[in-house]
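Quick note: numbers below take in every heavy atom, side chains included, and nothing from hydrogens, waters or symmetry partners.
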Amino acid sequence: MAKLNFGGVEETVITREEFPLEKAREVLKDETIAVIGYGVQGPGQSMNLRDNGFNVIVGQRPGATFDKAVADGWIPGETLFGIEEACQKATIIMCLLSDAAVMSVWPKIKQYLTPGKALYFSHGFAITWNDRTGVVPPADIDVIMVAPKGSGTSLRTMFLEGRGLNSSYAIYQDVTGNALARTIALGIGIGSGYMFETTFQREATSDLTGERGSLMGAIQGLLLAQYEVLRENGHTPSEAFNETVEELTQSLMPLFAARGMDWMYANCSTTAQRGALDWMGPFHDAIKPVVERLYESVKSGNEAQISIDSNSQPGYREKLNEELRQLRESEMWQTAQTVRQLRPENN
């Protein structure tokens, strides 16, 4: 494990160079890994483990996702089972169900958590707020986490491209004395680039804040606000979208992703530089109080409770799909469809 300096703060980081795939295979050579759930993270993590040579099976209820697992090469009765049978066969149970599904399936999983097994999560939600979720693991098992910093689709795509997606890792319970080795080996096995240390509580809190903030909620709110102001002042949909979204995602984001915000600024006009430097302060001052309220709502468990309540309501999936439909059919994202078709690679 390497100690690296991040902006003056020292953190523990593990890379594939210091914990290679061969070492991961050796650590887990006698383990049977069951991936429970085949939704967002399940396909990417299970297929990466399979391709990397680990003994992995999938546990999934009958339905569309079971059929998807079959299409991805999992064989019923050999590598694809019902949830309970997979849990019974496993020494490591990777719980990759949605937060709502974990609560409903937990009694089935818990009965197979016999001494010495490991229970793995990719999100700290169920454990951090277990007073609300009811997910309280037995005291005689390892409880561990590897949380990829991106979707399961990105994890799989980057794996196939020979790259890795960064992940955080945490140990909640170490009963066997082997929890850390199991955790890092699984993180390498699923295709992590580098891994940084966290806790279940910190991961859950930062993850919910990020999703509601800069990663999803805030970015949609900011983009829509600018798009609306431009449209309300006579700019066409194409112009408003290009100046709000297309230039950001296609031109500027690759620059600051590669070398930082200063590099992106340095590659823009002096007019853009001056305006950005002048206006980042007012935006920061306006937005930070909102982020502070958001963080407190997450930390208190309020956001977890909202999620639990909404996801447990009858018809919640239909309501969600309706909200997503409205987003998809809004003028800004309808304009996006036309703009994407006009990109050079599509012509």
Side-chain angles (χ1 to χ4, degrees), residues 4-11 13 99 123-125 128-129 132 147-151 154 165-168 170 196-233 240-241 243-310 323 327 330 332-333:
L4 299 181
N5 189 293
F6 292 86
V9 178
E10 192 175 76
E11 292 188 39
V13 170
D99 295 323
H123 187 21
F125 186 105
T128 298
W129 293 293
R132 300 165 188 264
K149 297 299 105 180
S151 70
S154 299
L165 182 64
N166 303 331
S167 300
S168 60
F196 59 93
E197 190 175 15
T198 187
T199 66
F200 273 66
Q201 190 275 336
R202 292 206 327 254
E203 190 282 333
T205 306
S206 60
D207 189 76
L208 264 65
T209 300
E211 290 168 347
R212 287 150 178 74
S214 65
L215 301 179
M216 295 175 68
I219 192 65
Q220 166 63 16
L222 173 61
L223 296 176
L224 182 60
Q226 180 170 304
Y227 180 88
E228 288 176 342
V229 168
L230 290 173
R231 290 288 289 121
E232 289 160 4
N233 283 275
F241 186 83
E243 294 293 351
T244 300
V245 180
E246 190 74 355
E247 187 172 352
L248 171 67
T249 60
Q250 301 303 301
S251 175
L252 301 182
M253 286 181 70
L255 292 176
F256 69 77
R259 295 182 59 178
M261 192 65 73
D262 63 316
W263 174 249
M264 188 264 278
Y265 279 22
N267 282 274
C268 294
S269 70
T270 55
T271 301
Q273 291 169 4
R274 184 68 270 145
L277 290 167
D278 288 346
W279 276 92
M280 68 180 184
F283 272 109
H284 168 271
D285 294 346
I287 293 168
K288 188 172 180 180
V290 178
V291 178
E292 289 173 336
R293 292 201 304 274
L294 164 60
Y295 187 82
E296 287 305 313
S297 185
V298 172
K299 185 178 179 180
S300 69
N302 182 56
E303 292 299 313
Q305 193 62 53
I306 291 172
S307 179
I308 291 168
D309 291 344
S310 63
E323 291 177 294
L327 184 63
S330 66
M332 184 169 74
W333 294 114

Flag, side chain of [X] to backbone of [Y], donor-acceptor distance under 3.5 Å:
X    : Y    : result
T244 : A240 : yes
S154 : G150 : no
Q273 : C268 : yes
T198 : S168 : no
R231 : M332 : no
S251 : L248 : no

Check step by step if side-chain contact (heavy atoms from CB on, under 4.5 Å) holds for D99 and W129.
CA-CA 11 Å; D99 295 323; W129 293 293; over 6 Å; no

Polar side chain donor-acceptor pair, E296 to S300, under 3.5 angstrom:
no

Indicate whether any N or O donor in one side chain lies under 3.5 Å from an N or O acceptor in the other, for S206 and T209.
no

Is there side-chain contact between [X] and [Y], with at least one heavy-atom pair below 4.5 Å?
X    : Y    : value
F283 : L222 : yes
E247 : F241 : no
E197 : E11  : no
E292 : K288 : yes
D278 : R274 : yes
F256 : N267 : no

Which atom pair, heavy atoms only, marks the closest approach of [X] to [Y]?
X    : Y    : value
A304 : L208 : N-CD2, 4.3 Å
S307 : S310 : O-OG, 3.2 Å
P148 : S167 : CA-OG, 3.3 Å
L165 : S151 : CD2-O, 4.1 Å
A204 : G124 : CB-C, 3.7 Å

Interatomic spacing from [atom1] in [X] to [atom2] in [Y] - rounded to 0.5 Å:
X    : Y    : atom1 : atom2 : answer
R132 : D309 : CZ    : CG    : 9.0 Å
I287 : H284 : CD1   : NE2   : 9.0 Å
L294 : E211 : CG    : CD    : 10.5 Å
K149 : L215 : NZ    : CG    : 9.5 Å
F196 : E203 : CZ    : CD    : 8.5 Å
L224 : I219 : CG    : CD1   : 11.5 Å

Would you say NZ of K299 has more than 12 non-hydrogen atoms from neighbouring residues, nucleotides or ligands within 6.0 angstrom?
no

Anything under 30° is parallel, anything over 60° is perpendicular, the rest tilted; go ahead and classify H123 against F125.
tilted

Does the side-chain hydrogen bond (donor to acceptor under 3.5 Å, both in side chains) test come out yes or no for Q201 and T128, once each step is laid out?
CA-CA 5 Å; Q201 190 275 336; T128 298; over 6 Å; no

What do the steps show when you test Q220 against L327 for side-chain contact (heavy atoms from CB on, under 4.5 Å), and what is the final call?
CA-CA 10 Å; Q220 166 63 16; L327 184 63; 3.3 Å; yes

